[in-house]
S.K.: 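I have a structure I would like to understand better, so I am pasting it below and will then ask my questions one at a time.
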Amino acid sequence: MTELDHLESLLGEKPDLDSYFADGTEGKRWEDISKAISFLPKQRQLIASLHFKDGHSPKEVARRIGATTLHVSSEIQKAVEELRKMVAPRATLPIRKAKQPYPYDHILSSEQAQVFELRQEQKKSFADIASMLGYPQTQVQQHYIKAYQLIKNHWKQNGR
């Protein structure tokens with residue numbers, strides 16, 4: 001995860017990968033990231049490889065593949081987000097015990113129920129929930145909004 005955070009800070013500039021990997025401690029993690037790059041969509045894979053593996057700046061990559069620097073920077077950002085999901089270990093924490101069903105399981109999807117419970121019961125931030133569940137924060141917020149609306153309608157129909 002630290003390596004991905006470091007790579008993200010290199011967006012828009014030419015990465016100095018030699019100095020970053022000089023002490024060798026990041027080597028194993030970099031191998032995982034390199035392997036994960038091969039699972040990206042083809043164009044994003046090419047852009048990520050040229051930027052992170054070969055050390056080209058977004059401007060150099062754009063010139064090399066015949067695209068705009070803005071497009072390349074956007075693709076690099078998307079690559080970092082996808083790589084984070086693939087490489088970063090997800091937090092494994094019990095959301096709730098299987099023997100105690102959540103009161104709204106019958107009206108919410110499992111994702112909505114997880115997000116709603118983490119937000120309401122455990123008072124987690126959307127960013128923390130996204131990190132825990134491995135979803136983008138916008139998706140977590142959408143699940144929460146939908147869950148809140150469904151539960152509110154349920155309360156109106158059935159009384160609280």
Side-chain angles (χ1 to χ4, degrees), residues 1-96 102 108-150:
M1 187 72 159
T2 308
E3 284 74 19
L4 287 171
D5 290 338
H6 175 75
L7 292 178
E8 190 171 33
S9 69
L10 297 174
L11 295 176
E13 61 184 60
K14 185 171 182 168
D16 180 14
L17 298 178
D18 292 335
S19 65
Y20 180 64
F21 295 111
D23 68 357
T25 57
E26 293 85 2
K28 173 66 177 120
R29 194 70 165 161
W30 178 247
E31 286 177 27
D32 294 342
I33 294 169
S34 294
K35 289 176 188 173
I37 286 174
S38 67
F39 292 100
L40 295 173
K42 290 295 178 195
Q43 185 182 30
R44 196 166 295 149
Q45 186 180 115
L46 172 65
I47 291 170
S49 293
L50 288 171
H51 183 67
F52 295 122
K53 288 183 179 178
D54 299 341
H56 296 291
S57 70
K59 187 175 182 178
E60 292 169 332
V61 174
R63 187 173 38 247
R64 189 165 181 178
I65 67 168
T68 66
T69 305
L70 181 62
H71 172 72
V72 169
S73 295
S74 174
E75 288 296 308
I76 291 170
Q77 178 64 43
K78 290 175 186 175
V80 168
E81 290 170 10
E82 288 183 46
L83 291 170
R84 180 174 281 125
K85 288 178 191 173
M86 286 187 254
V87 176
R90 290 189 180 171
T92 54
L93 49 111
I95 303 300
R96 61 190 125 102
Y102 196 60
L108 302 178
S109 71
S110 61
E111 294 88 2
Q112 291 167 342
Q114 286 179 325
V115 169
F116 192 80
E117 181 180 357
L118 287 169
R119 181 74 177 170
Q120 290 292 313
E121 306 295 324
Q122 297 183 26
K123 307 297 184 207
K124 300 287 184 188
S125 70
F126 288 120
D128 288 344
I129 296 169
S131 176
M132 290 170 154
L133 300 178
Y135 298 141
Q137 186 171 334
T138 54
Q139 187 178 0
V140 168
Q141 290 168 331
Q142 290 169 350
H143 282 312
Y144 178 78
I145 290 167
K146 185 65 176 171
Y148 184 83
Q149 290 170 340
L150 290 169

S.K.: Does any N or O in the side chain of Gln112 come within less than 3.5 Å of the main-chain N or O of His143, such that one atom is a donor and the other an acceptor?
M.R.: no
S.K.: Distance check, rounded to the nearest 0.5 Å: Leu46 atom CG versus Lys42 atom NZ?
M.R.: 10.5 Å
S.K.: Ignoring hydrogens and angles, tell me if any N or O in the side chain of Ser73 forms a donor-acceptor pair with the backbone of Leu70 under 3.5 Å.
M.R.: no
S.K.: As an exercise, state the distance from CD of Glu111 to NZ of Lys146, rounded to the nearest 0.5 Å.
M.R.: 13.5 Å
S.K.: Just wondering, do Gln43 and Ile65 contact through their side chains at under 4.5 Å, heavy atoms?
M.R.: yes
S.K.: Would you compute the distance between atom CD1 of Ile129 and atom CD of Gln141 and round it to the nearest 0.5 angstrom?
M.R.: 9.5 Å
S.K.: Counting C-beta onward and ignoring hydrogens, is there a side-chain heavy-atom pair between Val72 and Leu50 closer than 4.5 Å?
M.R.: no
S.K.: Less than 4.5 Å apart, any side-chain heavy atom of Tyr148 and any of Arg119?
M.R.: no
S.K.: Would you say the side chain of Lys53 lies within less than 4.5 Å of the side chain of Ser34, judging by non-hydrogen atoms?
M.R.: yes
S.K.: What heavy-atom pair brings Gln114 and Leu133 nearest, and what distance separates the two atoms?
M.R.: OE1-CD2, 3.9 Å
S.K.: How about Ile145 and Gln149: do any of their side-chain heavy atoms sit closer than 4.5 Å?
M.R.: yes
S.K.: His56 side chain to His51 main-chain N or O, any donor-acceptor pair under 3.5 Å?
M.R.: no
S.K.: CD1/Ile47 to CD/Glu75 distance, rounded to the nearest 0.5 angstrom?
M.R.: 5.0 Å
S.K.: If you round to the nearest 0.5 Å, how far is OG of Ser125 from CD of Gln137?
M.R.: 7.0 Å
S.K.: Are the side chain of Ser131 and the backbone N or O of Ala127 linked by a donor-acceptor pair below 3.5 Å?
M.R.: no
S.K.: Restricting to non-hydrogen atoms, name the atom on Ile76 and the atom on Pro58 that form the minimum distance, rounded to 0.1 Å.
M.R.: CD1-CG, 3.9 Å
